[in-house]
Amino acid sequence: MEGGWHYLDTAATAQKPRAVIDATVNALGRDYATVHRGVYARSAEMTLAFEAARRRVAGFLGGREEEIVFVRGATEAINLVANTWGAQTLKAGDRILLSTLEHHSNIVPWQLLRDRTGVEIDVCPLTDDGRIDLEAAERMLTPAHKLVAFAHVSNVLGSVLDVEHAARLAHNVGAKLLIDGCQAAPRIRLDVAALGCDFYTFSAHKLYGPTGVGALWVRSEILDAMPPWHGGGSMIDRVTFEKTTWAPAPQRFEAGTPAIAEVIGLAAAIDWLEDVGLDLAEAHERALATKLREELSRRNDVTVFGPAHSAGIVSFALDGVHPHDLGTILDEEGVAIRAGHHCAQPLMDHLGVPATARASFGLYNDESDIEALLKGIERTRRIFG
């Protein structure tokens, strides 16, 4: 990256292109008005832009606009599914299948639901190279399983799930499939119809868009039957003190004034990313990840985690050096990595480490960022002897 700063933390949040910044600023200033409620021209125009963004997200995912719910991010999306579809559908004796590598956002909401309903949670193991073991999943799944919830791409290991295979396995026992697509959406071309999942979610800020907004796609026949979660304005049809009736989906799930400018920024981010090309993004980031893995593997004091071919994310550990210390020294070298458990503590337990160092790539990275990282690792090794 420019300016002597090497940003290798895109898996946490992506830097924003000028097109997204300009779209968001214009939505907050020149074009700003509320949506869905005003009869004046600017409100009507902003409403059109807001709903055009919904169509843009739907097209990006391969779904229909009435299947798209705007949320604060993937965390809220998974909580929404757990508290609507999950609370309505699941009961004591039913089972949910997660995997060892899930982000806490795809673990804790299901635990909260378990504590309320008595549903049971099973955990699918990983293959030796750090992918969700779908052969094990097939052996584990039973008709008691009503939901399978997996990450499309691991935020720690970069391993990529075969979603179509996972969907067949889930549907074979009558279960639904939820996919956490936070790390996939910025770098893999998506088509939910072809993937065969039932729920798909991602956060805008990892896709070069603003913070505080994301999208949840739900298959229409499921979404139409889901009860509301948050109550308030915009999600109602008619309110009396005796009875309230709900708006149709997706408005039923969007109570209150939405993140207007952020939704506009999300649409701009999708435009920008598709102009660059998802295929190019995936190839570029995979090539950088492969290069870094090769360089780190030459060192006898580094352990690299995850599969050889990962989607732009590389986690590693430097022998005898805590990842936080490595991250601090790298920061002095102008290199920004993530160090910690990455909201995946069960995966850290599986790997046998308290934390890892993680370098994650975006479209703005190149081999100079890898060179700076390797230089910083070498300096760290000298400091720690």
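- Counting heavy atoms from C-beta on, the side chains of L178 and C197 never come closer than 4.5 Å.
- Screening T13, I270, L273 for a side-chain contact (heavy atoms from CB on, under 4.5 Å) with Y208, the sole residue that qualifies is L273.
- Side-chain polar atoms of R64 and S220 form a donor-acceptor pair below 3.5 angstrom.
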> Are R37 and T47 close enough, and set up right, to give a side chain to side chain donor-acceptor pair (under 3.5 Å), and what steps lead you there?
Replying inline: CA-CA 9 Å; R37 298 189 180 108; T47 298; over 6 Å; no
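- Residues K243 and T245 have side chains in contact (heavy-atom distance under 4.5 Å, counting atoms from C-beta outward).
- In this structure, R358 pairs ionically with D9, as a charged nitrogen and a carboxylate oxygen lie closer than 4.0 Å.
- In the displayed structure, R286 atom CZ is contacted under 6.0 Å by more than 12 heavy atoms of other residues, nucleotides or ligands.
- Within the 3.5 Å criterion, the main-chain N or O of A151 finds no donor-acceptor partner in the side chain of Q183.
- A donor atom on one side chain and an acceptor atom on the other are not found under 3.5 Å apart for H6 and N365.
- A salt bridge links R381 with D301: at least one charged nitrogen is closer than 4.0 Å to a carboxylate oxygen.
- The CH2 atom of W246 lies 11.0 Å from the CZ atom of F253; values are rounded to the nearest 0.5 Å.
- Taking the side chain as every heavy atom from C-beta outward, K375 and E333 approach each other to under 4.5 Å.
- Taken from NE2 in H152 to CG in L190, the straight-line distance is 6.5 Å, to the nearest 0.5 Å.
- Using modelled atom types, one finds no donor on one side chain facing an acceptor on the other under 3.5 Å when comparing S297 with E294.
- When each of W85, W217, F150 is paired with F199, the ring-ring contact (aromatic ring centres under 6.0 Å, His included) condition holds for W85 and for no other.
- Atom CG of L113 is separated from atom CG of L147 by 9.5 Å, given to the nearest 0.5 angstrom.
- There is no side-chain donor-acceptor pair under 3.5 Å between R338 and T356.
- Between R131 and D129 there is a salt bridge, with a side-chain nitrogen of the basic residue lying less than 4.0 Å from a carboxylate oxygen of the acidic one.
- Of the N and O atoms on the side chains of D94 and H145, not one donor lies less than 3.5 Å from an acceptor on the other residue.
- In this pair, H104 and H341 present their aromatic rings tilted. The plane angle is within the 30 to 60° band.
- Under a 3.5 Å cut-off, the side chain of S203 and the backbone N or O of K206 do not form any donor-acceptor pair.
- Taking a 6.0 Å sphere around CD of E274, one finds it holds more than 12 heavy atoms contributed by other residues, nucleotides or ligands.
- Side chain of E282 to main chain of I188: no donor-acceptor pair is present (N/O by atom type, distance under 3.5 Å, no hydrogens or angles).
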> Given D198 and H171, is the side chain to side chain donor-acceptor pair (under 3.5 Å) satisfied, shown in steps?
Replying inline: CA-CA 10 Å; D198 302 288; H171 295 159; 2.9 Å; yes
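- D128 CG: 12 or fewer foreign heavy atoms inside a 6.0 Å radius.
- For E295, the CD atom is densely surrounded, since the number of other residues' heavy atoms within 6.0 Å is greater than 12.
- Atom CZ of F316 sits about 6.5 Å away from atom CG of L292, to the nearest 0.5 Å.
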>> Could you go through R54 and E51, starting from their C-alpha distance and side-chain angles, then the distance that decides it, and tell me whether this counts as salt bridge (charged side-chain N to carboxylate O under 4.0 Å, His left out)?
In response: CA-CA 5 Å; R54 194 187 306 274; E51 292 303 326; 2.7 Å; yes
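- Side chain of R56 to main chain of A267: no donor-acceptor pair is present (N/O by atom type, distance under 3.5 Å, no hydrogens or angles).
- Rounding to the nearest 0.5 Å places CG of L330 at 5.0 Å from CD1 of I337.
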